[in-house]
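A short write-up of the structure that comes next.
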Number of protein chains: 4
Amino acid sequence: MVGNKSGDKYGLILEAAVKVFAENGYHNSQVSKIASEAGVADGTIYLYFQNKKDILISLFREKMGNFIEQVKRELEELSDPVAKLKRLIELHFSHLEADKNLATVIQIQLRQSDPEIRSAITGPLKEYFRLMEEILAEGKASGCFYPDIDVRLARSMIFGTLDEVATCWVLSRRDYRLSDQVEEVFRLLVRGLAVNSKLPSG
Amino acid sequence: MVGNKSGDKYGLILEAAVKVFAENGYHNSQVSKIASEAGVADGTIYLYFQNKKDILISLFREKMGNFIEQVKRELEELSDPVAKLKRLIELHFSHLEADKNLATVIQIQLRQSDPEIRSAITGPLKEYFRLMEEILAEGKASGCFYPDIDVRLARSMIFGTLDEVATCWVLSRRDYRLSDQVEEVFRLLVRGLAVNSKLPSG
Amino acid sequence: MVGNKSGDKYGLILEAAVKVFAENGYHNSQVSKIASEAGVADGTIYLYFQNKKDILISLFREKMGNFIEQVKRELEELSDPVAKLKRLIELHFSHLEADKNLATVIQIQLRQSDPEIRSAITGPLKEYFRLMEEILAEGKASGCFYPDIDVRLARSMIFGTLDEVATCWVLSRRDYRLSDQVEEVFRLLVRGLAVNSKLPSG
Amino acid sequence: MVGNKSGDKYGLILEAAVKVFAENGYHNSQVSKIASEAGVADGTIYLYFQNKKDILISLFREKMGNFIEQVKRELEELSDPVAKLKRLIELHFSHLEADKNLATVIQIQLRQSDPEIRSAITGPLKEYFRLMEEILAEGKASGCFYPDIDVRLARSMIFGTLDEVATCWVLSRRDYRLSDQVEEVFRLLVRGLAVNSKLPSG
DNA sequence: TATGAATGAGATTTCATTCAT
DNA sequence: CATGAATGAAATCTCATTCAT
């Protein structure tokens with residue numbers, strides 16, 4: 001159900017698309033290139049996807065959906081907002097690191113202007129944003145985060161920071177591990193948010 | 001008055017391109033659309049630019065170059081790293097706010113994957129990054145910023161935050177003023193960086 | 001029947017190209033004109049040929065290749081250099097006469113300067129030249145041709161003469177038969193070459 | 001009047017055109033390239049020539065016209081058809097050798113298909129052909145050429161041979177002198193034409 | 001379901017020619 | 001006469017999508 005490979009063409013095409021998009025960029029990725037990478041005929045693509053745009057959108061929905069579900073589950077098991085924040089950073093980075101091509105697509109290719117693509121992406125992204133904002137709201141409520149922070153802006157800071165760090169990693173030769181930066185990034189962010197940031201050692 | 005000395009076709013085309021790119025996205029902006037927006041013939045474009053890509057690149061270099069020069073000048077007049085940080089945020093936001101179309105192009109359209117575009121953009125962007133990192137290094141040296149912050153990561157936080165806030169603003173209907181957020185964003189960032197962030201009462 | 005096994009788009013396009021090139025000249029032959037003459041879509045051309053130039057080159061290689069093979073085969077069956085020379089003239093003229101459009105393309109359109117076209121043509125043409133030079137060398141060795149003739153120059157005379165006669169024929173309204181001139185041309189050439197040109201009474 | 005250089009733009013443009021056509025081929029020679037080579041503005045070209053085609057045509061008429069006049073004059077001073085033939089070969093080759101660019105244009109670029117160009121060229125070329133045919137007719141009348149030769153075909157042989165030899169020279173790296181081949185070429189041709197070709201030793 | 005040959009709209013770019021100065 | 005910036009028609013080629021098999 002989750003690991004889609006082997007036999008089901010839908011998954012095959014999606015995997016191929018991740019690779020091709022990552023290597024060439026959305027606009028330089030021909031449908032035929034995806035098809036041949038997936039080992040199917042050009043026409044077959046259209047049995048599973050409405051059009052090229054739909055591949056990118058589905059890809060995002062599928063992958064991002066899974067990711068958000070995971071984050072949700074893991075955060076539910078924690079109560080401390082600060083711990084949640086840290087976990088979120090860990091998951092964000094490890095997720096991207098696990099599939100570098102996917103990371104490239106999400107960090108670079110998805111920044112498309114096409115309104116249809118944007119709005120299709122909005123859904124899962126908003127959900128992710130909501131998770132972040134929940135942490136922030138909890139933190140404010142519990143008193144461990146500054147009471148004066150603007151939740152939306154703080155969320156922008158968190159996401160913007162994670163995103164920029166990830167983008168740098170993708171654009172670099174990726175000769176360092178993204179997950180090695182969790183600690184540092186966490187420290188930077190939590191200081192700006194948590195009242196008493198005697199940082200949890202470790 | 002609007003910025004295009006009439007008769008200066010180069011500028012005219014650049015202004016037109018900003019508008020057309022902002023409204024349609026780079027890949028949906030035909031050269032002929034830019035030409036007619038600029039009030040020139042299609043072929044005239046190619047008297048001033050090598051090709052379509054070159055329009056986008058020139059546009060960025062021109063605008064970003066000016067912006068960075070301005071930032072440099074203004075920061076030189078300040079000595080306090082905290083004050084510099086604040087000024088930088090103000091300039092970043094007011095710059096984007098001054099030309100919403102340009103902001104859209106920079107925040108959305110430019111995030112393409114085309115290697116040629118990316119590398120052309122790299123130069124000015126690195127310069128901007130360097131400015132930020134200088135502030136951070138100064139802050140660490142003078143003791144007003146935490147000594148343990150990683151300059152590169154902190155720069156990612158600053159830029160990522162500004163960038164994300166700006167993107168949200170561009171993607172919203174822009175029914176609020178970006179510059180109204182300077183104060184809040186500054187507070188968020190400085191707390192994560194400055195040791196003694198009894199924030200300058202601003 | 002005419003040479004294009006229907007359904008074979010490659011051949012269809014080539015036949016169409018011969019006609020269109022002959023009627024309009026290479027530079028005045030739009031790809032779309034060839035496509036519509038061939039009864040295929042413009043894009044279809046590019047499934048079979050890399051670009052417009054490639055059509056002309058393929059056309060030449062295909063036709064010239066076949067022709068040379070035929071000449072080779074037929075000459076092998078003769079031993080007398082003088083007889084070989086005559087046969088070559090016959091074949092040269094009848095070949096061109098069999099497809100007047102092709103003749104036009106070869107005599108007129110192909111004499112372009114485009115270096116890519118030139119070098120692509122060189123191969124088969126050199127082969128043809130080699131055949132001629134072989135006849136001349138044999139003739140010298142067997143003593144029936146003058147021992148003092150320069151093989152390369154004599155080949156230029158043979159080819160130049162055939163070529164010029166053919167060009168005149170193409171440029172005339174073609175109201176006479178090229179093959180009717182075999183005898184006369186042969187007589188002119190052989191007298192310049194063969195020692196004892198009591199011409200074979202033909 | 002004849003040597004046009006220095007000051008008169010008409011000649012300047014023509015010289016430039018010879019060079020540019022020779023180096024790039026007619027269809028790859030932009031009018032602007034000719035203009036800049038001639039040191040005049042693009043528009044100036046159109047004060048002296050109707051259009052691009054007219055440059056090529058004028059060039060041919062001018063150069064070819066001069067050449068034919070010269071040949072005429074020189075042949076008039078000779079009476080022996082055989083000597084005339086030899087002189088013609090000498091002039092043909094030395095003329096081409098004197099201006100290699102012009103030679104290239106005449107040998108290669110002029111083989112255009114454009115009917116307008118072709119017919120414009122026809123005039124001077126026919127005149128040249130007529131000269132050759134006159135020699136042949138005289139030779140037949142005086143009995144020194146075979147009585148059975150077809151004047152038109154023999155002319156094709158002469159011109160075709162000279163042309164092909166010249167083309168080979170142009171297409172080679174031109175590391176040998178064309179005029180060194182006069183003797184050999186003459187011998188080849190005269191044997192095919194003259195009854196008693198105990199070749200004039202020299 | 002799966003194929004992949006064929007389609008054809010559409011985009012970029014070139015360049016001969018014009019014309020206001 | 002001379003200029004050269006501007007024009008805009010026209011041509012090549014790409015590629016997402018279809019559909020007969």
Side-chain angles (χ1 to χ4, degrees), chain A residues 7-10 12-13 26-36 38-55, chain B residues 7-10 12-13 26-36 38-55, chain C residues 7-10 12-13 26-36 38-55, chain D residues 7-10 12-13 26-36 38-55:
Chain A
D8 80 307
K9 310 238 158 140
Y10 179 83
L12 234 44
I13 293 167
Y26 176 74
H27 284 285
N28 276 329
S29 295
Q30 295 82 334
V31 172
S32 64
K33 218 184 266 175
I34 297 173
S36 78
V40 302
D42 291 19
T44 305
I45 300 268
Y46 292 87
L47 298 176
Y48 295 91
F49 302 91
Q50 286 171 16
N51 48 38
K52 186 181 168 185
K53 228 181 269 182
D54 189 36
I55 305 176
Chain B
D8 153 31
K9 296 244 157 67
Y10 179 83
L12 229 47
I13 292 167
Y26 176 74
H27 284 284
N28 272 328
S29 295
Q30 296 82 336
V31 171
S32 64
K33 219 182 265 177
I34 297 172
S36 77
V40 302
D42 290 20
T44 305
I45 300 271
Y46 293 88
L47 295 177
Y48 295 92
F49 301 92
Q50 285 172 10
N51 49 39
K52 187 180 164 185
K53 222 180 275 182
D54 189 37
I55 305 176
Chain C
D8 154 31
K9 297 243 156 71
Y10 179 84
L12 230 47
I13 293 167
Y26 176 74
H27 284 285
N28 272 327
S29 295
Q30 297 81 337
V31 171
S32 64
K33 219 182 265 178
I34 298 172
S36 77
V40 302
D42 291 20
T44 304
I45 301 271
Y46 293 88
L47 295 178
Y48 296 91
F49 302 92
Q50 284 171 10
N51 48 40
K52 186 181 164 185
K53 222 179 276 182
D54 188 38
I55 304 176
Chain D
D8 80 306
K9 308 239 159 141
Y10 179 83
L12 234 43
I13 293 167
Y26 176 74
H27 284 285
N28 275 329
S29 295
Q30 294 83 334
V31 172
S32 64
K33 219 183 266 175
I34 297 172
S36 78
V40 302
D42 291 18
T44 304
I45 300 269
Y46 292 87
L47 297 176
Y48 296 91
F49 302 91
Q50 286 170 16
N51 48 38
K52 186 181 168 184
K53 228 180 272 184
D54 189 35
I55 304 176

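Naming convention: chains lettered A, B, ... in sequence-line order (proteins, then strands); numbering from 1 in each chain.
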Atom-to-atom span, [atom1] of [X] to [atom2] of [N] - whole angstrom:
{"X": "Asp8(D)", "N": "dC1(F)", "atom1": "CG", "atom2": "P", "result": "11 Å"}
{"X": "Tyr10(A)", "N": "dT1(E)", "atom1": "OH", "atom2": "P", "result": "14 Å"}
{"X": "Lys33(A)", "N": "dT14(F)", "atom1": "NZ", "atom2": "C1'", "result": "12 Å"}
{"X": "Ile45(C)", "N": "dA11(F)", "atom1": "CD1", "atom2": "C1'", "result": "14 Å"}
{"X": "Phe49(A)", "N": "dA2(E)", "atom1": "CZ", "atom2": "P", "result": "12 Å"}

In terms of the angle between their ring planes, are Tyr10(D) and Tyr48(D) parallel, tilted or perpendicular, with boundaries placed at 30° and 60°? tilted
Could you tell me how the ring of His27(A) sits relative to the ring of His27(B): parallel (under 30°), tilted (30 to 60°) or perpendicular (over 60°)? parallel
Partner residues of Gln50(C) under the side-chain hydrogen bond (donor to acceptor under 3.5 Å, both in side chains) criterion, sequence neighbours left out: none
Holding to side-chain hydrogen bond (donor to acceptor under 3.5 Å, both in side chains), I want the full list of residues that pass it with Asp54(A), two or more places apart in sequence or in another chain. Ser58(A)
Go along nucleotides 15-21 of chain F 5' to 3' and tag each nucleotide: B for a protein heavy atom under 4.0 Å from its base, S when only backbone or sugar atoms are that close, - otherwise. SSBB---
Would you compute the distance between atom CD1 of Ile13(B) and atom CD1 of Ile55(B) and round it to the nearest 0.5 angstrom? 7.0 Å
Can you give the donor-acceptor pairs under 3.5 Å from side chains of residues 29-36 of chain C to other protein atoms, not counting sequence neighbours?
residue  : atom : partner  : partner atom : Å
Ser29(C) : OG   : Val20(C) : O            : 3.2
Ser29(C) : OG   : Gly25(C) : O            : 2.7
Gln30(C) : OE1  : Lys33(C) : NZ           : 3.3
Lys33(C) : NZ   : Asn28(C) : O            : 3.4
Ser36(C) : OG   : Lys33(C) : O            : 3.3

Residues in ring pair (Phe, Tyr, Trp, His ring centres under 6.0 Å) with Tyr46(C), at least two apart? none
Base-pairing string, 5' to 3', of DNA chain F - Watson-Crick or wobble, under 3.5 Å, | interstrand: .||||||||||||||||||||
What's Tyr48(D) touching, base or sugar-phosphate or nothing? Going by heavy atoms closer than 4.0 Å. sugar-phosphate
Is the positively charged end of Lys53(D) above the ring of Tyr26(D), judged by distance under 6.0 angstrom from the centroid and angle within 45° of the axis? no
Are OP1 or OP2 of dA6(E) and a side-chain N or O of Lys9(C) less than 4.0 angstrom apart? yes
